[in-house]
Asker: 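Before anything else, here's the structure in question.
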Amino acid sequence: MTGAERDLRAFKFERILNQDTGRKTLNLLGTIDGKPAIITAEKTAFNAARAPLFVSPSDGLQSLTLLQKNDIYHWFLASIQQSTDDGDAAAKVNLIYPCTDVHIKKYSAQQIHMVVETPEVYQQYVTKYIEGKVAGGRLNWVYNILEHREESEKIVFEDGDKLMGFILLPDLKWDLVTLTALYLSAIVHRTDIRSIRDLTPDHIPFLRSIRSKILTAASERYSLAADQLKIYVHYQPSYYHFHLHVVHVSHDMGASATVGKAILLDEIIQTLEVMRLVGEKEMGYRDLEITYLLGEEHDLWRKIFEPLKEGRAPSI
Ligand code: G7M
């Protein structure tokens with residue numbers, strides 16, 4: 001048993017943080033050795049390669065129960081023969097241990113609000129929030145990847161250039177098996193871009209170069225055409241080191257790829273092109289009003305946008 005598996009088995013359940021019956025996910029809060037931990041679990045997609053064996057009692061559907069039939073319609077309940085050895089796991093399970101209060105809030109069920117972040121609100125308040133998020137080890141996992149301390153065996157492509165370079169590798173959300181659920185991250189080497197707010201027209205060649213290298217690398221590794229991938233950035237992201245999401249077009253990511261959260265790389269490049277053309281003064285994403293979704297548990301809601309909505313001063 002590995003150390004990680006021992007940790008997972010030692011998880012003491014406390015409460016359910018969230019459940020999504022549509023996306024078949026469950027988030028649990030508990031403790032391991034007295035320290036808080038979160039498990040996020042997701043039922044995996046059906047393995048299309050095993051479809052020919054779907055009704056087999058030994059390799060497919062098991063313990064079948066007919067619930068009802070009506071004319072030509074029949075519905076059953078069944079369990080399915082599955083094994084991680086065949087690249088055919090029943091669930092993908094993530095463990096965050098030890099976790100922080102920010103993780104607990106992020107994975108809790110919560111009311112969502114649409115907020116409008118003006119350039120002034122960004123400059124006056126949000127930059128302070130971001131500065132706090134860059135400190136304190138929250139980006140350790142990013143630096144571990146960039147310095148090849150973790151996940152190096154999973155790297156799909158690396159351009160090692162300090163300014164133009166990036167690492168393309170599987171996002172932790174991907175099960176590494178289901179091609180139509182392909183989910184990669186492109187993490188840039190440079191450390192001077194914390195979010196899209198730092199982008200200006202000067203970054204256009206950089207973004208175009210990343211875009212083209214991602215598409216070439218993904219098509220070589222996974223035999224996917226360029227029009228089978230969507231490349232986007234989150235605003236707000238969870239981690240303030242510039243990175244892009246590279247996801248199969250067929251994969252429904254729910255809230256993570258929705259309007260109010262995901263911005264297409266192509267759209268970002270076009271916006272920067274227009275800024276360059278307008279060009280009265282040097283413009284960038286810092287000059288735009290950006291509208292996005294925020295959960296009530298998010299610190300940006302509690303500290304900035306809720307007070308502003310209620311006419312109080314932000315407490316950042
Ligand atoms: O919302 P934001 O753009 O910051 O998303 C960060 C992405 O990084 C999410 O899609 C996460 O699933 C992914 N991610 C987070 N962590 C902690 C890791 C990690 O340790 N390894 C990898 N490969 N991806 C991660």
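All heavy atoms count here, side chains included; hydrogens, waters and symmetry mates do not. Atoms within each ligand, like the ligands themselves, are counted from 1 in listed order.
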Asker: Mind checking whether Phe206 and Phe242 have parallel, tilted or perpendicular rings, split at 30° and 60°?
Answerer: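 If you compare the ring of Phe206 with that of Phe242, the planes turn out tilted.
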Asker: Quick one: side chain to side chain contact (heavy atoms under 4.5 Å, CB included) partners of Glu42, sequence neighbours excluded?
Answerer: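 Arg23, Thr25.
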Asker: Using a 4.0 angstrom limit on heavy atoms, which residues are close to ligand 1?
Answerer: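 Under the 4.0 Å cut-off, ligand 1 touches Trp141, Glu151, Pro170, Asp171, Leu172, Lys173, Tyr183, His234, Pro237, Ser238, Tyr239, His243, His245.
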Asker: Do Asn27 and Thr40 have side-chain N/O donor and acceptor atoms under 3.5 Å apart?
Answerer: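 Note: Asn27 and Thr40 side chains miss the donor-acceptor criterion.
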Asker: When the ring planes of Phe54 and Phe46 are compared, do they come out parallel, tilted or perpendicular, using 30° and 60° as the limits?
Answerer: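 Judged by the thresholds at 30° and 60°, the geometry between Phe54 and Phe46 is perpendicular.
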Asker: For the backbone of Asp59 and the side chain of Arg50, can you confirm whether one donor and one acceptor N or O come within less than 3.5 Å of each other?
Answerer: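 Side chain of Arg50 to backbone of Asp59, a donor-acceptor pair under 3.5 Å: yes, one is there.
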Asker: Indicate whether the side chain of Tyr183 and that of His245 have a donor and an acceptor atom separated by less than 3.5 Å.
Answerer: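 Checked: Tyr183/His245 side chains pair up, N/O donor to acceptor below 3.5 Å.
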